[in-house]
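One structure below.
Reminder, nothing fancy here: chain letters follow the sequence lines and each chain counts from 1. Hydrogens, waters and symmetry mates are skipped; everything else that's a heavy atom, side chains included, is used.
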2 protein chains.
Amino acid sequence: MSTATIGPEAPATARPLPVLNDCCTPTSAMSDDDASLLAGMFKALADPARVKILSMLLNAAEVCACDFSAGIGKTAATTSHHLKLLRDAGLVTGDRRGTWIYYRVIPQRLAAIRDALTLGQ
Amino acid sequence: MSTATIGPEAPATARPLPVLNDCCTPTSAMSDDDASLLAGMFKALADPARVKILSMLLNAAEVCACDFSAGIGKTAATTSHHLKLLRDAGLVTGDRRGTWIYYRVIPQRLAAIRDALTLGQ
DNA sequence: TCAGTGTTTAGATAAACGTCGAAACAAGGT
DNA sequence: ACCTTGTTTCGACGTTTATCTAAACACTGA
């Protein structure tokens, strides 16, 4: 049996996300790069199937990839597509243990997104 | 001079968003409705132009609509489109005062999105 | 009422996205 | 070696989205 980490294409310890406040002035917005980076993270969450996947992962230490398809009501191919997007965003990680791949959420990354939305203070 | 609230098409005091944790089991995801509602909120943030608009709004009590176009580098029409999406999501609100429309962020709504991402304690 | 400025809507177009079936790849068991 | 099961990639299709120009709408001040 092999144990190999599946993704993430984006490292789990990616650089901190920019925050929305304290980043610019009322008449000039944040940089293109920062805005794209943040928007990309939100895009990773901007689909009901991916929200559902995350909801399953947040109620267990880990979830077998084989359970997502039934859980979200999509084909295995579609499920795999969404898992890849979540991996690429650095939100989840999976490791193969024999036949199955087990996924976990990366809490620090989710917290970083939350922090990007935190208002003044 | 008239003072009329522009939007939001979604009320500022919308019902609380569902949260990702404590909503379901490891093998069954959250409901279609909850997932769509949450995904819709994230979709509202899933574009660099809208992130930039928000970044401007979070650095001022209010911002004149006339400033967004230059701030995000898009035409007035495109800017108006993005503002509408943010209004529909209940994230911002604007009121016309004479010639200009001034926009404000709705902090409670932003906080609700952040809370939806909060992990179990 | 008219001209000027700010804002939104309508229509069009190109790119991005979600979805599926089918095929390919990976691992384990016989 | 083969077959079975789990997972990903490929190719295609229809929908949604972002963007623009042009036209319409809203308001102010002369």
Side-chain angles (χ1 to χ4, degrees), chain A residues 1-9 27 29 32 35-36 39-54 62-89 92-103, chain B residues 1-9 27 29 32 35-36 39-54 62-89 92-103:
Chain A
M1 173 206 287
S2 63
T3 295
T5 295
I6 307 300
E9 280 75 355
T27 49
D32 276 7
S36 293
M41 298 307 296
F42 291 123
K43 198 171 294 190
L45 299 171
D47 183 275
R50 295 195 287 276
V51 168
K52 284 187 178 186
I53 288 174
L54 224 48
E62 56 187 14
V63 175
C64 177
C66 59
D67 286 328
F68 287 123
S69 187
I72 72 175
K74 296 282 149 92
T75 66
T78 298
T79 302
S80 176
H81 165 72
H82 288 300
L83 283 171
K84 175 165 171 47
L85 293 187
L86 288 171
R87 286 199 311 269
D88 289 352
V92 308
T93 184
D95 63 288
R96 179 181 286 268
R97 295 205 287 278
T99 305
W100 294 282
I101 297 179
Y102 294 91
Y103 276 90
Chain B
M1 172 208 288
S2 63
T3 296
T5 295
I6 306 300
E9 280 75 356
T27 50
D32 276 7
S36 293
M41 299 304 298
F42 290 123
K43 197 172 294 191
L45 298 171
D47 183 276
R50 295 195 287 277
V51 168
K52 283 186 178 185
I53 287 175
L54 224 47
E62 57 187 14
V63 175
C64 177
C66 60
D67 286 328
F68 288 123
S69 187
I72 72 175
K74 297 280 149 85
T75 66
T78 299
T79 303
S80 176
H81 164 72
H82 288 300
L83 283 171
K84 174 166 172 48
L85 294 187
L86 287 171
R87 285 200 312 269
D88 289 353
V92 308
T93 184
D95 63 288
R96 178 182 287 263
R97 295 207 287 278
T99 304
W100 294 283
I101 297 179
Y102 293 90
Y103 277 90

To the nearest angstrom, how far is B:Arg97 atom CZ from C:dG6 atom C1'? 15 Å
How many whole angstroms separate atom OH of A:Tyr102 from atom P of D:dG6? 11 Å
Rounded distance (Å) that lies between atom C1' of D:dT8 and atom CZ of A:Phe68: 15 Å
Mind listing the closest non-hydrogen atom pair of B:Ser36 and A:Pro48 along with its distance? OG-CG, 3.8 Å
Going by side chain to side chain contact (heavy atoms under 4.5 Å, CB included), name the residues that satisfy it together with A:Thr75, two or more places apart in sequence or in a different chain. A:Ala77, A:Thr78
Specify the closest pair of heavy atoms between A:Val51 and A:Leu45, including all atoms of both residues, with the distance to one decimal. CG2-O, 3.3 Å
Does the side chain of A:Lys52 come within less than 4.5 Å of A:Lys74's, by heavy atoms? no
Would you call the rings of A:Phe68 and A:Tyr103 parallel, tilted or perpendicular if under 30° counts as parallel and over 60° as perpendicular? perpendicular
Heavy atoms under 4.0 Å is the rule here; annotate nucleotides 9-22 of chain D 5' to 3' with B where the base is hit, S where only the sugar-phosphate is, and - elsewhere. B-------SSBBBB
A:Asp67 CG to D:dT7 C1', straight-line distance once rounded to whole Å: 14 Å
Can you run down the side-chain hydrogen bond (donor to acceptor under 3.5 Å, both in side chains) pairs that involve residues 42-51 of chain A, sequence neighbours left out, and say none if there aren't any? A:Arg50-A:His82
Give the rounded distance in Å between these two atoms: CD1 of A:Ile101 and P of C:dG28. 12 Å
Whole angstrom is fine here: how far is it from CG in A:Asp95 over to P in D:dG6? 18 Å
Expressed as a whole number of angstroms, how long is the span from B:Trp100:CH2 to C:dG4:P? 17 Å
